Amino acid sequence: MGKTSSDPRTQRILATVDDIPIGQVATYGQVACEAGLPGRARLVGQVLAELPRGSCLPWHRVLSASGAISSRPGPGPAEQQKKLRAEGVRFNRSGRVNLKDCAWDPRPSR
DNA sequence: TGTGTGACTTCTG
DNA sequence: CCAGAAGCCACAC
């Protein structure tokens, strides 16, 4: 074990991602902010990149600030869009999501 | 100790 | 809308 998988920051990031409702999405920056780590969007990406395949966490609901799926090697991007579409999230011709409609707003829940 | 890299964001032109 | 620059930080070398 070891590494930073047990780091409290990592735990908060994972807990925040786990709170994103079905059919809604959040940006890396938003997740970082909700996790108490404003300005640490890259850290969110780093943590998600370490997630094991088949994780029960809704990692696919995390998008870049433009509403696009972040590029990275592997089947991740395609799988992410497939999962989101299965939840009813609509993508435009540019492969982006209209954050105005499905962005997660945690405020009403608190 | 320094440099490069990356599932990022925001500001400028 | 696209490119570049700057800010950010963990990690590998």
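Model, not experiment: these values are computed from the prediction.
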(request) Tell me, with the steps shown, if A/Ile69 and A/Leu63 meet side-chain contact (heavy atoms from CB on, under 4.5 Å). (result) CA-CA 5 Å; A/Ile69 289 176; A/Leu63 304 172; 3.8 Å; yes
(message) Check whether A/Gln30 reaches the backbone of A/Trp104 with its side chain - one donor and one acceptor, N or O, closer than 3.5 Å.
(response) yes
(message) Quick check against the 3.5 Å criterion: does A/Gln24 have a side-chain atom that pairs as donor or acceptor with the backbone of A/Arg61?
(response) no
(message) Quick check for you: to the nearest 0.5 Å, what is the distance between A/Arg85 atom CZ and A/Arg90 atom CZ?
(response) 9.0 Å
(message) How long is the straight-line distance from CG of A/Leu48 back to CG of A/Leu43, given to the nearest 0.5 Å?
(response) 9.5 Å
(request) With P as the reference atom in both, quote the distance from B/dA7 to C/dA6 in angstrom, rounded to an integer. (result) 22 Å
(request) Looking only at non-hydrogen atoms, find the nearest pair between A/Gly23 and A/Cys102 and report the distance. (result) O-CB, 3.7 Å
(request) Over all heavy atoms of both residues, which pair between A/Ser64 and A/Thr27 is shortest? Give the atoms and the distance, please. (result) O-CG2, 3.8 Å
(request) Can you tell me which stems DNA chain B forms, taking runs of 3 or more consecutive Watson-Crick or G-U pairs with both distances under 3.5 Å? (result) B:2-6 with C:9-13, B:8-13 with C:2-7
(request) Write down the distance between CZ (A/Arg9) and P (C/dC8), rounded to a whole number of angstrom. (result) 16 Å
(request) Using a 4.0 Å heavy-atom cut-off, write out nucleotides 7-13 of chain B from 5' to 3' as B (base contacted by protein), S (sugar-phosphate only) or - (no contact). (result) BBSS---
(message) Is any side-chain heavy atom of A/Asn92 closer than 4.5 Å to one of A/Asn98?
(response) no
